[in-house]
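Worksheet for the structure shown next.
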Amino acid sequence: MSAALPSPDWSWEHASRECPILHVDMDAFYASVMVRDRPDLQQVPVIVGGGHRGVVLSANYLAREHGVRSAMPMTRARRLCPRAVVVQPDYDTFSAVSASVMETFRQVTPVVEVISLDEAFLDVSGSVRRLGSPYSIAEHLRARIHDEQQITCSVGAAATVATAKIASRRAKPDGILVVPPEAVTTFLHPLDVGELWGVGEKTAQMLHRLGLMSVGDVAHTPLPTLQRAVGHALGLQLHHLAWGQDRRTLTPRRGPDEPDKSIGADETFGRDTDDREVILRELLRLSAKVAGRMRAARVAGRTVTVKVRFADFTTITRSKTTAEATDVTQEIYQTAADLFLALGLQRARVRLVGVRVEGLMPRERVQRQLVLGARERGWSEADRAVDQAASRFGAQAVRPASLLGGGRP
DNA sequence: TCTGGGGTCCTAGGACCC
DNA sequence: TCTGGGGTCCTAGGACCC
């Protein structure tokens, strides 16, 4: 399992000294957490996923043996593994387990970049004197997480973020892989191009068409050729990554001074619809959700984007940028509804609609034009009342009048 | 009963300004 | 009358990540 080059006095301990970047990734996280408290599920294939029209969020290794993978349509997953038990995700539990795991990381080093609920980078260069080599720190973390949470994780250790990330994937499940600097190209070059960060299905196909199958092939392709094929930025990135070069450093946390760049929500209908009223009502619900999250984050934004996905899965977006930033539900909805209606759809069957607000800035920085019309102030105050009621009685308690009574199964 | 929902970044064309 | 670049903003689409 190692890509390291043995030398006379070689050891994992020693080899890891130049590998202070750890990438820790929980193994089949959602599935592992769901199975943990259900002894009856321990020896059966388990798929975590939404119901109707959903995708696989996670699958345990017994299900993976049948070819089930994350993000696969549930229909296909069930076909591949009919005897799998399908369970609904429990995000509250996932968040709690994740928070505890991240806390364990922070006891090892303050330099933790959280990527998602089940994944983080750690820079342990400042912890080596206190806790030992990166390799023994990784072992320590794995043992603690297993003891405290009864789930396993895998760790990749390297000198750079990108290589550590690939290493953890190759270490799965329940393993550690150290890739010392002198072994980086030996490790990377035989891998498929799809292993590189930024190479998904489409780019992998494109590279394969050019005869570039392995990371080594990419490494030995002239940069201009690469850039013509996949674009300027990605070409440069792949060129660097293929040689194990990655200047990225860890950013522990996005500060309050650096808010999200956009906030949005979308939803796939239970069944495709061409009913304008149904779609507009959904846009209102999504606008309320987005605006509520914006107010909670104390941001306002200028660009509203509507997304429409049709029955054949083609997807379009329409956006409008206004002079003034807003966090007001009615204003966001009005823009979204205008954009949607301007499409002039007649009988097109719609699968999904979404609303997103971009160009976010801290709310304090928004200078509302002098003429704070009575109407506008009214909406803003209505939103605040909704927020307060929602925080006391739950988000379901308060919603726009047009969402009441219109519900259908 | 094929294909979720939350995001980020890049590209490319056109408008507009200097 | 014809023709420059550079920079920024906006819009639309696409790819990718978890």
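No experiment lies behind these values; they were computed from the predicted model shown.
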Checklist entry - Of the nucleotides dG5(B), dG4(B), dT3(B), which one has an atom closest to the side chain of Pro73(A)? => result dT3(B)
Checklist entry - Between Trp243(A) and His220(A), what is the ring plane arrangement, given parallel below 30°, perpendicular above 60°, and tilted in between? => result perpendicular
Next on the checklist: Please confirm whether the shortest side-chain N or O distance from Arg351(A) to OP1 or OP2 of dT3(B) is below 4.0 Å.
Outcome noted: yes
Item to check | Lys289(A)/Glu267(A) ion pair, N-O < 4.0 Å | outcome: no
Checklist entry - Just how far, in rounded Å, is P of dC18(C) from CG of Asp260(A)? => result 17 Å
Checklist entry - So, are Arg356(A) and Asp266(A) salt-bridged, with charged N and O less than 4.0 Å apart? => result no
Checklist entry - Who pairs with Arg169(A) by side chain to side chain donor-acceptor pair (under 3.5 Å), at least two apart in sequence or on another chain? => result Glu195(A)
Checklist outcome for this item: Looking only at dC18(C), dT3(B), dG5(B), the nucleotide nearest the Ser116(A) side chain is dC18(C)
Checklist entry - Is Glu139(A) salt-bridged to Arg142(A), going by a charged N under 4.0 Å from an acidic O? => result no
Next on the checklist: Quick check for you: among dT1(B), dT3(B), dC18(C), whose closest atom lies nearest to any side-chain atom of Val55(A)?
Outcome noted: dT3(B)
Item to check | dG4(B) to dC17(C) separation - C1' atoms, rounded to the nearest Å | outcome: 14 Å
Give me the distances for all protein-to-nucleotides 8-12 of chain C N/O pairs that come in under 3.5 Å?
unit_1: dC10(C); atom_1: OP1; unit_2: Arg302(A); atom_2: NH2; d: 2.8
unit_1: dT11(C); atom_1: OP1; unit_2: Thr321(A); atom_2: N; d: 3.3
unit_1: dT11(C); atom_1: OP2; unit_2: Thr321(A); atom_2: N; d: 3.2
unit_1: dT11(C); atom_1: OP2; unit_2: Thr321(A); atom_2: OG1; d: 2.3
unit_1: dA12(C); atom_1: OP2; unit_2: Ser319(A); atom_2: N; d: 2.6
unit_1: dA12(C); atom_1: OP2; unit_2: Ser319(A); atom_2: OG; d: 3.4

Checklist entry - Is Asp327(A) salt-bridged to Arg363(A), going by a charged N under 4.0 Å from an acidic O? => result yes
Next on the checklist: For a quick test of reading the model: is some side-chain N or O of Lys202(A) closer than 4.0 Å to OP1 or OP2 of dG13(C)?
Outcome noted: no
Checklist entry - With centres under 5.5 Å and planes under 30°, do Trp197(A) and dC17(C) count as stacked? => result no
Checklist entry - When you check the glycosidic angle of dC2(C), does it come out syn, meaning within 90° of 0, or anti? => result anti
Next on the checklist: Counting only Watson-Crick pairs (N1-N3 plus N6-O4 or O6-N4) and G-U wobbles (N1-O2, O6-N3), all under 3.5 Å, who is the partner of dC18(C)?
Outcome noted: dG5(B)
